[in-house]
*Asks:* 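One structure follows; several queries about it will come next.
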Amino acid sequence: MEKINTKIPKGPLEEKWAHYKATQKLVNPANKRKLDIIVVGTGLAGASAAASLGELGFNVKVFCYQDSPRRAHSIAAQGGINAAKNYTNDGDSVYRLFYDTIKGGDYRSRESNVYRLAEVSGSIIDQCVAQGVPFARDYGGLLENRSFGGAQVSRTFYARGQTGQQLLLGAYGAMMRQINKGTVALYIRMEMLDIVIIDGKARGIVTRNLLTGNIERHFGHAVVLATGGYGRAFFLSTMAMGSNGSAIWQAYKKGAYFANPSFVQIHPTCIPVHGDYQSKLTLMSESLRNDGRIWVPKKKEDAEAIRNRIKSHRDIPESERDYYLERRYPAFGNLVPRDVASRAAKERCDAGYGVGSGLAVYLDFSDAVKRLGIDTIRERYGNLFQMYDKLVDEDPYQNPMMIYPAIHYCMGGLWVDYELMTTIPGLYSIGECNFSDHGANRLGASALMQGLADGYFILPYTIQNYLADDILTPKIPLEHHAFEMAEKSVKEKITKMMQIRGKTSVDTIHRKFGLLLWETAGMERNRQDLEKTIQEFKALKEEFWSDIRIPGNDHELNPELEKAGRVADFIEIGALMVRDALSREESCGGHFRTEYQTEDGEAMRNDNDFMHVAVWECRGPDHEPALHEESLSYENIKIQTRDYKH
Amino acid sequence: MDFILKIWRQQDSQAKGKFETYQVTGISPDCSFLEMLDILNNRLIDRFEKPICYDHDCREGICGSCGLYINGRPHGPDSAITTCQLHMRRFRDGDTIIVEPWRAKPFPVIKDLVVDRSAFDEIIMAGGYISVHTGSAPEANTIAVPKVKAEISMDAAACIGCGACVAACKNASAMLFVASKISQLAVLPQGIVEAKERVRKMVARMDELGFGNCTNTGACEAECPKGISLTHIARLNREYFAAKLL
């Protein structure tokens, strides 16, 4: 238990970060040049961290598996980024953003980290505007805001439906500038396969060059993981095809604790599944819920007629439409948080009111088009409507969209303290791959905020507090025994996978595993199924290690080999997710245990027994992982049951 | 639906490539082009053959990874989409489909349909940004940007760096790619300070890397999945001449 030291600074909440910054240790410019920092991942968190650390004068090495750092999956975020600027004069403040984030996370996140996030949110917008991010503006030339789920103020800044892209290109530009200056070295098409620990500290990584298959060693005085979420464990998700959990999983196996693995976000507005050949799901931004109204038919027979293509949405008069979110949650309506909206869609579809294939609901813009005109809708959502039209072959200006929830984001991740350091000294985890800010449910437009907060404004401070003690540590030679051992184990795993030469493709096993995970640890969970799944996962793991087939060899570009390594880890991550879901006997945020619900189907949280972070420790392949708890206390916010009805 | 595919196979950058013919059957019209290739790859794996390599990642038209030259057009027969957004309903049952990598000297083939586009990163590295240290930015609303300018900037900034413009151009010119970054930053007050240096450096780097010249055929604009307009190339030229002459 000793390792769980949150290092939360003392003092009042509003003064913690200022106090920390004023008293932390710093590294002077001459010494910064002597220190190497490895950053893995080039999404918002990784790129912003690499750029900022390079500007400070550290030697940074940054790695991505894509062919360019600009392609990291942050680029796909659509709707926007939150910041407590209160430009709309509607009562926003740092405290309000903090409050909404804690409440939206269902009281399962850490007060001090969330407050700091809200505190630096405004600086992110300043930074991005200065970089030339083309945010939406009004006719006076100042920044526009829109509203988003889980908040009653408009605090979301956006660049059409491509906010993630624009913010990422801003951070990428800043990083490319440092690469040009020589403070940052870029390694593309490289995948981190292991982490190197020397004398208890993270001191480097082992990578595979995806083009040549070469296994390479890299030293760093500190290692920063910014590798995103593990949602692709489910096979079908809104994640990129290459998104994976392997970096954080190797860290976990080497001693970094993993927090709340079962807290996964299911996004309510995605394009429904349409076939068994499908490879991924496409998100339609939550911002659409600002102007779109979600409904299904009131009568089951109407829904059935629509499913059988006997009727269309046009045949259902206004009085026969059930705007179920507006009905159930009058105060927030279509803007309830994601977990609530997702479950409500599932409830209607399971009850037989779904449209399309049966697993879909309508998201209808006809009222908004009438109210605002088609031009305004086009300006706000043009690219999203185009994307829908191209994918589904149906014009959303004329017909309502059909949507259904899908796996989208991981609130869980590596456990980190206030300094964003994991339980391995010198190993940091930033952005989606840590657990710290979103509790059991993330609010829309907060992922971009967190990624950039960690990378631009938090890590560049906190990492110095650690490195200040390391200025006399010389670079450790790559011949060191620990590097050798890490490389050996990486090579053994690759050889083992190549030699199986079984009958089944990696995708086939991944699909089977992902579907099982979705059914038991997706929108609803229960003890019986979770227990059964643990056994089924064991069988699948066995099948993977005895029957996968990887053509080609390991010293060439071999996507099947890359996938195999990731899926091997997903199967293990999935097992920890299920174990975590099983041990949390309550419903909170994205974690809904059917045993723990009210009569009208709302989540029943258990603050007496579960107001804590579940922190898992790996104890080797032959032992069950150990569960530790970081208890959460709320001194600055009243704990209440989330209520979006009143 | 059934298709005959003629796909470029090349073991590595040094090897000689050639077209291989494959038949795929029983494909749903709602299947995406890449999902159709997934199906073909799974069948190749069943036969213990090497699957076809191609770049792809987000599969929602924004990361810019995918890029196939399909029946003589970058990203295939549909307009304003990336390859991952192309669906088989755009073809006729029984069609023969020719699939090639981007063909441009600055984008050498790595394997099969995978090419090396790091030249684009190098152009950005030369100056495709506004130099602002983390923490040194002024309060965001002290910089007012006329809405019209902000919209032009966003139109240009929509570039995903896929390289279709280069692949479509008979000269393998990267002018549309460079113009999109130049234009995004040139119309914003924040970008004006470095505007001249930026355009000089980016164009010089583009030339060094072996991209050809623009002869205003407009093929890039026609094939750009994000509909980036030739007017940005006009702005690039104006910015470049101003930087050179003034």
*Asks:* Any Lys/Arg nitrogen of B:Asp155 or A:Arg160 sitting under 4.0 Å from an Asp/Glu carboxylate oxygen of the other?
*Replies:*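 Between A:Arg160 and B:Asp155 there is a salt bridge, with a charged N closer than 4.0 Å to a carboxylate O.
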*Asks:* Could you tell me whether a side-chain N or O of A:Arg137 sits under 3.5 Å from a main-chain N or O of B:Ala150, the two making a donor and an acceptor?
*Replies:*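 Between the backbone of B:Ala150 and the side chain of A:Arg137 there is no qualifying donor-acceptor contact (under 3.5 Å).
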*Asks:* Can you see whether A:Arg177 engages B:Ser131 through a side-chain donor-acceptor pair at a distance of less than 3.5 angstrom?
*Replies:*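 Their side chains do contain a donor-acceptor pair, which is all the 3.5 Å distance test asks for.
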*Asks:* Donor-acceptor pair, distance only, cut-off 3.5 Å: does the side chain of B:Glu139 make one with the backbone of A:Asp126?
*Replies:*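 Side chain of B:Glu139 to backbone of A:Asp126: no pair is present.
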*Asks:* Report the C-alpha distance between B:Arg89 and A:Asp393 in whole Å, list the side-chain angles of each, state the deciding distance to 0.1 Å, and finish with yes or no for salt bridge (charged side-chain N to carboxylate O under 4.0 Å, His left out).
*Replies:* CA-CA 9 Å; B:Arg89 54 180 172 259; A:Asp393 208 21; 3.5 Å; yes
*Asks:* Can any side-chain N or O of A:Lys390 pair as donor or acceptor with the backbone N or O of B:Ser79 at less than 3.5 Å?
*Replies:*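 Looks like yes, one N/O pair under 3.5 Å.
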*Asks:* In plain terms, say whether B:Glu60 and A:Lys280 are close enough for a salt bridge, that is, a side-chain N and a carboxylate O under 4.0 Å apart.
*Replies:*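 The answer is yes: the pair qualifies as a salt bridge.
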*Asks:* Could you grab the distance from atom OG of A:Ser243 to atom CG of B:Asp57, nearest 0.5 Å is fine?
*Replies:*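 Rounded to the nearest 0.5 Å, the OG-CG separation comes out at 6.0 Å.
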*Asks:* When you measure from the side chain of B:Gln190 to the backbone N and O of A:Gln131, does any donor-acceptor pair fall under 3.5 Å?
*Replies:*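 Side chain of B:Gln190 to backbone of A:Gln131: no pair is present.
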*Asks:* Which is it for B:Lys50 and A:Glu560 under the salt bridge (charged side-chain N to carboxylate O under 4.0 Å, His left out) test, yes or no, and what are the steps along the way?
*Replies:* CA-CA 9 Å; B:Lys50 282 187 185 180; A:Glu560 290 302 309; over 6 Å; no
*Asks:* By a 4.5 Å heavy-atom criterion (distance strictly below it), what part of A:Gln127 contacts chain B: side chain, backbone, both, or neither?
*Replies:*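 Contact with chain B involves both backbone and side-chain atoms of A:Gln127.
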*Asks:* Could you tell me which portion of B:His133 (side chain, backbone, both or neither) has an atom closer than 4.5 angstrom to a non-hydrogen atom of chain A?
*Replies:*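 For B:His133, heavy atoms of backbone and side chain both lie under 4.5 Å from chain A.
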*Asks:* Under 4.5 Å from any heavy atom of chain B, what part of A:Gln386 do you find: side chain, backbone, both or neither?
*Replies:*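 When you check distances to chain B, only side chain atoms of A:Gln386 fall under 4.5 Å.
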*Asks:* Could you tell me whether the side chain of B:Met125 reaches within less than 4.5 Å of the side chain of A:Lys181, counting heavy atoms only?
*Replies:*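 Result no, sub-4.5 Å side-chain heavy-atom pair not found.
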*Asks:* Passes salt bridge (charged side-chain N to carboxylate O under 4.0 Å, His left out), A:Arg70 versus B:Asp121? Steps please.
*Replies:* CA-CA 9 Å; A:Arg70 66 179 290 153; B:Asp121 285 331; 5.7 Å; no
*Asks:* Any idea which of B:Leu185, B:Ile160, B:Ile81, B:Leu34 has the most non-hydrogen atom pairs under 4.5 angstrom with chain A?
*Replies:*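 Of B:Leu185, B:Ile160, B:Ile81, B:Leu34, B:Ile160 has the most heavy-atom pairs under 4.5 Å with chain A.
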